[in-house]
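Following: one structure in structure tokens, then a few remarks.
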Amino acid sequence: MKSAAAASAGRSHAWTALAGTSPAALRLPQGLVMAASAGLLGLLGRQVFTSRTGLVAGLLFALVPTVTRYGHEARPYAFAVLFSLLATLLLLRALERPTLKGWALYTSAITLTGLSHLVALCVVVAHAVAVLRARRGGDHVALWAFGCAVVMGTSAVVPMIAKGSEQAGRIAWHNATVRDLTTYPMELFGTWFSGAVVMGLGVVGLLTAGRKAVVVPAVWAVLPPVLAFLTSDLFRLFQPRYLLFTVPRLAAARGGRCGPVCGCADPRGVDGPPEAGGGRGARDGSRGWVRLPGVARPRDGPSGSLG
């Protein structure tokens, strides 16, 4: 959208004033941002699953052709990927260790996500599902803290929304059709092969994660393109590049059978020895389930994990 493009232009002007206008200087920020996104995806895998899962997910993400493409184009999509991942990681940590600072950081990440691209705010819906699961698990404060964070975070984006609505005619030419929907995987991933591999493995990973573990990843990966397509006549937002922030979720789904951010533990256990006292990273006896905050063990009820 033009409002997001305007914010990107502001960042570009500040950067060129500092680093110059050579092709390398113009492409460097996006490259660094995509590299940081792969790192954040790895951290998410380590936060909720295992270090191995995070590593595999980050490598899969880096191999997607569109990640390479938008990693050297002076456009806001790389920032949308970065900040949506950052917001997700900060939400996980706020649910695990609720503090005013943690929720304030999450609020800031939501603002940055919206400023990078408005469509990326769809990730908040997946966050809401995770928070509702945390509430069912007994965390009644999380829902109120999350609601306040989303309201404050998105309110900072309202001026950009208002400005962008004045320029909506600039993208009125794009009418999404069924053909756009059928070519969506190829456009999102760069090639039919990479789209088939990542989405196919992602579906397998989600299916092996179990019914409860599927919900949040599915919302993150599927809901944004579905909403964008169904509302395309009104908002004209069904553009694969606008939905690039869903790629990490799809790449992560096969990071380790069910991938990071999905509340399902590898039955083979975690990397390295369990911690003493049953703390973070400890195994649950003979079953080898990872005992992480917000991740359900076999006898536990719903939790606050992202998936």
Side-chain angles (χ1 to χ4, degrees), residues 1 4-5 7-8 11-12 23-24 26-42 44-45 54-88 113 116-123 126 171 174 176-177 179-203 205-206 217-218 220-229 232 236-255 259-261:
M1 294 180 68
S8 177
R11 290 191 298 265
S12 298
L26 292 174
R27 295 176 179 180
L28 180 61
Q30 283 69 29
L32 294 176
V33 165
M34 278 302 193
S37 298
L40 283 178
L41 186 56
L44 279 171
L55 176 62
V56 173
L59 291 175
L60 286 175
F61 172 74
L63 292 175
V64 174
T66 47
V67 170
T68 303
R69 173 185 172 182
Y70 292 109
H72 68 264
E73 288 192 6
R75 290 184 171 188
Y77 313 121
F79 288 92
V81 172
L82 175 72
F83 292 133
S84 62
L85 284 168
L86 178 63
T88 304
T113 301
S116 62
H117 205 280
L118 293 178
V119 180
L121 284 176
C122 289
V123 75
I171 57 173
H174 181 73
T177 64
R179 183 180 181 277
D180 294 320
L181 189 61
T182 57
T183 59
Y184 172 74
M186 188 272 290
E187 295 290 341
L188 181 65
F189 292 97
T191 66
W192 277 113
F193 176 77
S194 59
V197 169
V198 176
M199 294 187 73
L201 293 178
V203 169
L206 292 177
W220 185 346
V222 177
L223 185 63
V226 170
L227 285 179
F229 182 78
S232 59
R236 319 289 187 183
L237 295 177
F238 188 72
Q239 302 257 16
R241 61 182 181 271
Y242 294 173
L243 299 161
L244 190 66
F245 69 94
T246 64
V247 171
R249 174 58 263 173
L250 292 165
R254 191 54 180 170
V261 205

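The first residue of the sequence shown is numbered 1, and numbering continues consecutively from there. Hydrogens, waters and symmetry mates play no part in the numbers below; they use all other heavy atoms, side chains included. Note that the coordinates shown come from a computational prediction; the quantities given were computed from them, not determined experimentally.
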Atom pair [atom1] ([X]) and [atom2] ([Y]), whose distance is rounded to the nearest 0.5 Å:
| X | Y | atom1 | atom2 | value |
| --- | --- | --- | --- | --- |
| Tyr242 | Cys122 | OH | SG | 13.5 Å |
| Thr182 | Glu187 | OG1 | CD | 10.0 Å |
| Phe193 | Met186 | CZ | CE | 15.5 Å |

side-chain hydrogen bond (donor to acceptor under 3.5 Å, both in side chains) partners of Thr183, counting only residues at least two apart: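 Thr183 satisfies side-chain hydrogen bond (donor to acceptor under 3.5 Å, both in side chains) with no other residue.
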Among all residues two or more places apart in sequence or in another chain, which pass the side-chain hydrogen bond (donor to acceptor under 3.5 Å, both in side chains) test with Thr191?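 Counting only residues at least two positions away or on another chain, Thr191 forms a side-chain hydrogen bond (donor to acceptor under 3.5 Å, both in side chains) with Ser194.
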What pair of heavy atoms forms the shortest contact from [X] to [Y], and how long is it?
| X | Y | answer |
| --- | --- | --- |
| Ser84 | Val123 | CB-CG1, 4.2 Å |
| Ser116 | Ala80 | OG-CA, 3.2 Å |
| Ala62 | Val67 | CA-CG1, 4.5 Å |

Holding to side chain to side chain contact (heavy atoms under 4.5 Å, CB included), I want the full list of residues that pass it with [X], two or more places apart in sequence or in another chain.
| X | value |
| --- | --- |
| Leu63 | none |
| Val222 | Val226 |
| Phe229 | Ala176, Leu181, Phe238 |
| Leu86 | Leu40, Phe83, Leu90, Ala109 |

My understanding is that only residues two or more places apart in sequence, or in another chain, count here; which of them pass salt bridge (charged side-chain N to carboxylate O under 4.0 Å, His left out) with Glu73? Arg69, Arg75
Leu237 and Leu243: CA distance, side-chain angles, deciding distance, side chain to side chain contact (heavy atoms under 4.5 Å, CB included) verdict: CA-CA 9 Å; Leu237 295 177; Leu243 299 161; over 6 Å; no
Partners passing ring pair (Phe, Tyr, Trp, His ring centres under 6.0 Å) against Phe245 (at least two apart in sequence or in another chain):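 Ring pair (Phe, Tyr, Trp, His ring centres under 6.0 Å) check on Phe245 returns nothing, list empty.
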Could you walk me through whether Leu244 and Thr66 satisfy the side chain to side chain contact (heavy atoms under 4.5 Å, CB included) test, starting with their C-alpha distance in whole Å, then the side-chain angles of each, then the deciding distance to 0.1 Å, before giving a yes or no? CA-CA 8 Å; Leu244 190 66; Thr66 47; 3.8 Å; yes
